[in-house]
Amino acid sequence: MVPAAHICMPHIYNLAVNDVLSALSQHQAFTDEAVASSAEFSEQDLLKDPVLAIRGFVVAVRSSPQRKEAFRELQQTINATATTASAKPPAAKQTYELDLDVRTRWSSTFFMLEQALKLRPTIDMMVNHPQHAPLKKFALTEAQWSMVELAMKILRAAHRGQQLLSGDQHPTLHLAIPAIEYLLGEWESRQKKIKHKASCFHGEEREKHLRYVHILDAGIEKLAHIN
């Protein structure tokens, strides 16, 4: 008979990731896009929560056909500028849509942040464009973008571990322990790097980095308990 603890491993894995995700952003993803399109975002919350700022911008663009088209055109402008500045022969560059996360899949938050980071030049251009003044509240500072990147890396490790954990769309029991060991090792390594980086700062900047050390604590504790 398979021990009950082993059967519960995929569930505990998801609980650990959800604990970390809840700490990364105090605001949950929306249940669906229809609910998201009617949401309101306070500037105070956006300043405190870079993940929420990304989510808010994505909602604002995706819920408006005009903004979606403007976002696509800004990508084309950036692509054309990059092509002109390059010595390589011009090549057609694809434009991309923004991904919106949903509450039922934590991996969707990883994909949302990953895509936002790839499209950062377009996002920065749009939030600072005079024709899109209402989007200015979603603008991120360099430090906030760094926090978004850190959050994405934390969730990327979880996503890679989840790929180990699943096979043919069903939990693969014999891979549960390697997946948990992988994520635990990645998060502990990331935590050490953040602590080292935090030691280089003082005051508020140091506290921002240490916050991510504490964010990882909950997930690491849950994974270590069954490892």
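Taken to the nearest 0.5 Å, the CZ atom of Arg67 stands 9.0 Å off from the CZ atom of Phe57. Here the OH atom belonging to Tyr13 is positioned 6.5 Å from the CD atom belonging to Gln162, to the nearest 0.5 angstrom. Rounding to the nearest 0.5 Å places CZ of Arg72 at 4.0 Å from CD of Glu69. For the atom pair Glu205 CD and Lys197 NZ, the distance stands at 8.5 Å (nearest 0.5 Å). In this structure, CG in Asp19 is found 3.5 Å from NZ in Lys222, a value given to the nearest 0.5 Å. With rounding to the nearest 0.5 Å, the separation of NZ in Lys137 from CD in Glu43 is 6.5 Å.
Ion pairing between Glu149 and Lys153 holds under the 4.0 Å rule for side-chain N and carboxylate O. Using a cutoff of 4.0 Å between basic side-chain nitrogens and carboxylate oxygens, Glu204 and Arg211 are not scored as salt-bridged. Salt bridge status for Arg156 with Glu114: absent, with no side-chain N to carboxylate O gap under 4.0 Å.
With 3.5 Å as the limit, one finds a donor-acceptor pair spanning the side chains of Asp45 and Ser42.
The backbone N or O of Phe30 sits nowhere less than 3.5 Å from a side-chain atom of Arg103 that would complete a donor-acceptor pair. A distance-only check finds no donor-acceptor pair linking the side chain of Ser189 to the backbone of Glu186 [under 3.5 Å]. Checked by atom type and distance alone, the side chain of Thr77 pairs as donor or acceptor with a backbone atom of Glu73 at under 3.5 Å. The closest donor-acceptor contact from the side chain of Ser64 to the backbone of Val61 lies at 3.5 Å or more, if one exists at all.
Taking every heavy atom of both residues into account, Ala16 and Trp187 meet most closely at O-CH2, 4.1 Å. Of all the heavy atoms in Arg120 and Glu142, the pair that sits closest is NH2-OE1, 2.8 Å. Nearest heavy-atom pair, Ala139 versus Gln144, reported as atom, atom and distance to 0.1 Å: O-OE1, 3.9 Å. Nearest heavy atoms, Asp49 versus Ser25: OD2-OG, 2.7 Å. For the residue pair Ala36 and Leu100, the shortest heavy atom distance occurs at CB-CD2, 4.0 Å. Closest non-hydrogen pair, Pro50 versus Met147, comes out as CG-CB, 4.3 Å.
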Would Val58 and Asp99 count as a side-chain contact (heavy atoms from CB on, under 4.5 Å) if you check the C-alpha gap in whole Å, the side-chain angles of each, and the deciding distance to 0.1 Å?
CA-CA 7 Å; Val58 172; Asp99 293 328; over 6 Å; no

Verdict with supporting geometry, Gln191 and Asp217, side chain to side chain donor-acceptor pair (under 3.5 Å): CA-CA 9 Å; Gln191 196 178 53; Asp217 276 339; 2.8 Å; yes

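By the 4.5 Å heavy-atom criterion applied to side chains, Gln44 and Lys48 are counted as neighbours. By the 4.5 Å heavy-atom criterion applied to side chains, Thr31 and Thr104 are not counted as neighbours. In this structure, the side chains of Gln115 and Tyr96 come closer than 4.5 Å at one or more pairs of heavy atoms. Contact of the Glu207 side chain with the Phe201 side chain is not registered, since no non-hydrogen atoms from C-beta on lie closer than 4.5 Å. Residues Ile54 and Trp145 meet the side-chain proximity criterion, which asks for heavy atoms closer than 4.5 Å. When side chains are defined from C-beta on, Leu21 counts as touching Thr109, because their heavy atoms get closer than 4.5 Å. Looking at Asp101 and Trp106, their side chains never come closer than 4.5 Å, going by heavy atoms from C-beta outward. The shortest distance between side-chain heavy atoms of Val17 and Val20 does not fall below 4.5 Å.
Under a hydrophobic-cluster definition in which Ile, Leu, Val, Met, Phe, Trp and Tyr are linked whenever side-chain heavy atoms come within less than 4.5 Å, directly or via other members, Leu117 and Ile154 are assigned to the same cluster. If you chain together hydrophobic residues whose side chains sit under 4.5 Å apart, Leu15 and Leu184 never meet in one group. Ile177 and Leu223 fall within a single hydrophobic cluster, where Ile, Leu, Val, Met, Phe, Trp and Tyr side chains are chained together by heavy-atom contacts under 4.5 Å. Side-chain heavy atoms closer than 4.5 Å link hydrophobic residues (I, L, V, M, F, W, Y) into clusters, and following such links, possibly through other members, connects Tyr212 to Ile220. By the rule that hydrophobic residues join a cluster once side-chain heavy atoms approach within less than 4.5 Å of another member, Val148 and Leu47 end up as members of separate clusters.
Within a 6.0 Å sphere centred on CD of Glu221, other residues, nucleotides and ligands contribute 12 heavy atoms or fewer. Residue Glu97 places its CD atom among 12 or fewer non-hydrogen atoms of other residues, nucleotides or ligands, all under 6.0 Å distant.
The aromatic ring centres of His159 and Phe111 sit less than 6.0 Å apart.
Just one of Leu98, Leu74, Thr95, Val127 meets the side chain to side chain contact (heavy atoms under 4.5 Å, CB included) condition when paired with Thr122; it is Leu74.
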